[in-house]
Amino acid sequence: MPCSKPSFRPQVLTKPFILSFLLLCLASQSQASWQAQYHLSSQWQQQGQDEPLPLPMADSSWLGSQHLSLIYQQQDLYAHLRWQQPDLEQGGELVLPELYYDADLPQQDAWALSLGAKHWQWDYQYAYSPLNWLGFAPQSSKLPLAQPMVLLEHFAASSVWQLGCTLQDSPLCSARSEWFGQQWDGQLLLGYQQGWQSGLAGQWLATDALNLRASLMWQESYQWQEFSIANSHSWLSQPPWIERNDSNWQGVLGATFSTGNGWQLIAEHGYQQRALSAEDWQQLLALAAWQQQQGEHPAKAGNQLWLAQASLQTALSQHQSLVRLSYQQGDWQPYGWLQLHWLEQPSYLLEIGNHWQWNSQASIQLAYRYHDAQGPLATLGQQVRLALELTTF
Amino acid sequence: MFKQRCFISLCTTLTLVLCWSQLRANELDVIDAMRLSAHSSKVELLARQFHGEQLQSESQYEVYADPGQRSLVLFRSEQEAGQKMLMLGDQYYLFMPNSRRQIRITANQKLLGQASLGDIASLRWSQDYRIRERQRNEQLLQLSLEAARSGLSYERVELWVEAESLKPIRAEFYLASGRLAKEASFSMQHAEQGWQMQAMTLYDRIQQQQRTEVSYLSIEPVSIPESWFNPAYLLRNSL
């Protein structure tokens, strides 16, 4: 659940850049380490019902993807080069998900600097993370790419101060303080990107088994698309969306319960003020269903676009929840999670699977995903995914 | 006269209490010194996990421990490279390279694994436990230890040591529920500075086939930067 609506264009690389990068790594001195990771995923999916939604349906299909990552690390320098092919039937591309320099300032043990594209996770939550402002990658992305930035940090005995800016056309600059206590951790953020934004989060170890947490964020200027048609049953030449810019609230409550023998239960509930409301979805689906009944192709194409735009919202519903149960026993980690979108009729997404660490260099994941037969997730149907990951050192 | 007697009795009692406290501290301090120096130390560990007689995995760790109940564990095996764990008294933070944030873990979560994270990070018994009872049986001294603070992996430890040298022989570790979780035996070597712990074998008494051999490869005094004990510092690559 991102805090704004940034565009994540892959940093596709030119050949001279890649060559320079490889020469830089090869020319580096000792204590460097290389790691290669190969990931192959094959997925069988069956689309959901055709009614009442107008999206085109396929009986079933196979989809394959793969990527090969090369990770280089030499003390303060970290580089991650990846060749990725999201669809095996289409071409691949080279991207640079991360390239950064981490260094302690000379003669200053308590000060440190990070420069470059680095993934950061600031929020305490598992699934919905409104406070991941810098180096943030969307949860929905399978191949996230970090944003370039500069970050200065000061470490005190039990707290840290951070001051950072993203290096992009419209930079986000923020100051953050986090403190670590006996039972409590907390953080406070203040930032500016076309408007002020602020955040507050805390986590509390309630018992030896229970971790409770809360996150809250406010943005002065948030861009989103609003559904603009109310109770309309008519042919539309334009998608029923208008660009809006206004303030936005997000909040998340979460809890993790864990036992000493490997069971873990995570529950989270998130709210985003500017996501599509249950009423918006009701009107959109009613309009789509009405036009579907007319059976005309142009309307069908238009509805595909509208619904696709709806699914691009940073959150599909104002209220959403996640429950995840997992068990870790040796090399096996079976899990299951349920994601709920609180619409007029709650719409859900269920996944059960198992991750098996075959040996130190190979792991296999098998998962089954089922989407609710009604609501905005209905057309996604069901999927079976088998993934293999190989790592060499 | 009565006041004078009271005062003497009080002084005697206080002296006995202080001596008793000193004696209690000394026994565990002596045992701790067989693993660590009194100052900040770097300890290199090798943990080998067995199922029956079959070796399942090997993990190598570097532990930076200071006298103030703080330990930083760096995972050095290739398959765990980049993982870090920080113990600040009762506070435990875990950093996994893929998650890109420090995760605060509960006391229960640090029990996971054959040699639990708590077993690896907690190298000083004197800071974690207090002696509740002593029983001498010929050459052996049995020390019954109870947790001195909350958040420890084990609520109670029964420790058998050689009565004269305090060299540890074996131990039993009990969970808060009273259940026996692990047993340990110790391999000791006599060096110039006295007995040094070479290895500890942990027998899992819940999953009976599992055992972990923890070898102490090297122990050396070091100076540890203060920032290493800040949870936010775990995200930096320089560690």
Side-chain angles (χ1 to χ4, degrees), chain A residues 33 35 73 75-78 100-104 109-112 114 118-124 132 135 137 146 153 155-160 162 178 180-183 185 203 205-211 213 256-264 328-331 357 359-361 391 393, chain B residues 49 51 56-59 77-82 86 88-93 95-114 116 118 149-153 155 175-177 179 181 206-207 210 224-233 235-239:
Chain A
S33 67
Q35 191 182 64
Q73 187 172 349
Q75 288 194 329
D76 300 334
L77 179 67
Y78 182 95
Y100 62 85
Y101 180 73
D102 262 358
D104 294 338
D109 284 347
W111 290 88
S114 288
K118 180 177 183 178
H119 284 158
W120 291 86
Q121 295 274 336
W122 281 353
D123 211 313
Y124 300 130
N132 285 346
E153 297 181 277
F155 301 96
S158 57
S159 65
V160 62
Q162 294 165 316
E178 184 176 16
F180 310 98
Q182 192 79 6
Q183 298 293 327
D185 290 346
Q203 63 175 343
L205 289 189
T207 69
D208 284 353
L210 185 62
N211 171 306
R213 48 193 184 268
T256 299
F257 181 82
S258 49
T259 66
N261 57 1
W263 286 97
Q264 186 179 65
Q328 183 160 12
Q329 181 59 59
D331 298 329
Q357 192 70 40
N359 56 38
S360 62
Q361 297 185 329
T391 306
F393 306 103
Chain B
Q49 290 159 7
H51 182 84
Q56 283 192 309
S57 63
E58 277 189 355
S59 301
S77 304
E78 286 180 333
Q79 65 269 26
E80 297 172 318
L86 180 65
L88 305 173
D90 302 343
Q91 304 164 241
Y92 285 80
Y93 297 87
F95 174 80
M96 308 289 282
N98 289 335
S99 69
R100 294 308 173 96
R101 69 181 175 102
Q102 75 276 8
I103 300 167
R104 183 150 190 179
I105 58 176
T106 61
N108 279 352
Q109 285 172 306
K110 71 177 193 290
L111 286 170
L112 294 174
Q114 305 310 319
S116 73
R149 56 191 176 89
S150 62
L152 294 176
S153 299
E155 186 67 21
L175 300 175
S177 63
R179 187 175 186 184
I206 296 173
Q207 300 176 64
Q210 304 283 354
I224 306 173
E226 187 63 24
S227 56
W228 288 23
F229 294 118
N230 188 306
Y233 200 83
L235 275 70
R236 306 200 68 80
N237 274 335
S238 42
L239 285 176

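Each chain gets a letter, A, B and so on, in the order its sequence line appears, and its residues count up from 1.
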Chain A: which of B:A176, B:A232, B:A181 shares the most heavy-atom pairs with it under 4.5 Å?
-> B:A232
Identify whether NZ of Lys or CZ of Arg in B:R236 sits under 6.0 Å from the centre of the six-membered ring of A:Y101 and within 45° of that ring's axis.
-> no
Using distance alone, with no hydrogens and no angle criterion, decide if B:Q207 and A:Q329 have a side-chain donor and acceptor under 3.5 Å apart.
-> yes
Closest-packed option against chain B by number of heavy-atom pairs under 4.5 Å, given A:D185, A:T207, A:D331 | A:D185
Side chains of A:Q264 and B:Q109 in contact at under 4.5 Å (non-hydrogen atoms) | yes
Distance from A:N261 atom CG to B:L175 atom CG, nearest 0.5 Å?
-> 10.0 Å
Scanning both residues in full, the closest heavy-atom pair of A:G181 with B:R104 reads O-NH1, 3.0 Å
Counting only heavy atoms closer than 4.5 Å, note whether A:Q182 contacts chain B via side chain, backbone, both or neither.
-> both
Of the non-hydrogen atoms in B:R100 and A:Y100, which two are nearest, and what is the gap between them?
-> NH1-OH, 4.1 Å
Show your working on side-chain contact (heavy atoms from CB on, under 4.5 Å) between A:E178 and B:Q102 and close with a plain yes or no.
-> CA-CA 12 Å; A:E178 184 176 16; B:Q102 75 276 8; 3.5 Å; yes
State, with a plain yes or no, whether a side-chain heavy atom of A:W120 is found less than 4.5 Å away from one of B:L235.
-> yes
Given side chains that start at C-beta, do those of B:N230 and A:F180 come closer than 4.5 Å, heavy atoms only?
-> yes
State the CZ-OH distance between B:R101 and A:Y124, to the nearest 0.5 angstrom.
-> 9.5 Å
Indicate yes or no for a side-chain donor-acceptor contact from B:T106 to the backbone of A:L210 under 3.5 Å, with no hydrogens or angles considered.
-> no
Segment of A:S114 engaging chain B (4.5 angstrom heavy-atom cut-off) = both
Sort B:S77 into side chain, backbone, both or neither according to what part of it lies under 4.5 angstrom from a heavy atom of chain A.
-> neither
If every non-hydrogen atom of A:Q121 is compared with every non-hydrogen atom of B:S99, which pair is closest and at what distance?
-> CG-O, 2.9 Å
Pick one of side chain, backbone, both or neither for A:N359, based on which atoms fall under 4.5 Å of a heavy atom in chain B.
-> neither
Specify which of A:D123, A:V160, A:L205 makes the most heavy-atom pairs with chain B at under 4.5 Å.
-> A:L205
Applying a strict 4.5 Å limit to non-hydrogen atoms, the region of A:A156 in contact with chain B is backbone
Which portion of A:Q162 sits near chain B, non-hydrogen atoms under 4.5 angstrom | neither
Honestly, the part of A:E153 sitting under 4.5 Å from a heavy atom of chain B is side chain
Segment of A:D76 engaging chain B (4.5 angstrom heavy-atom cut-off) | side chain
Heavy-atom pairs under 4.5 Å with chain A are the metric here; pick the option from B:P231, B:S227, B:P225 that has the most.
-> B:P231
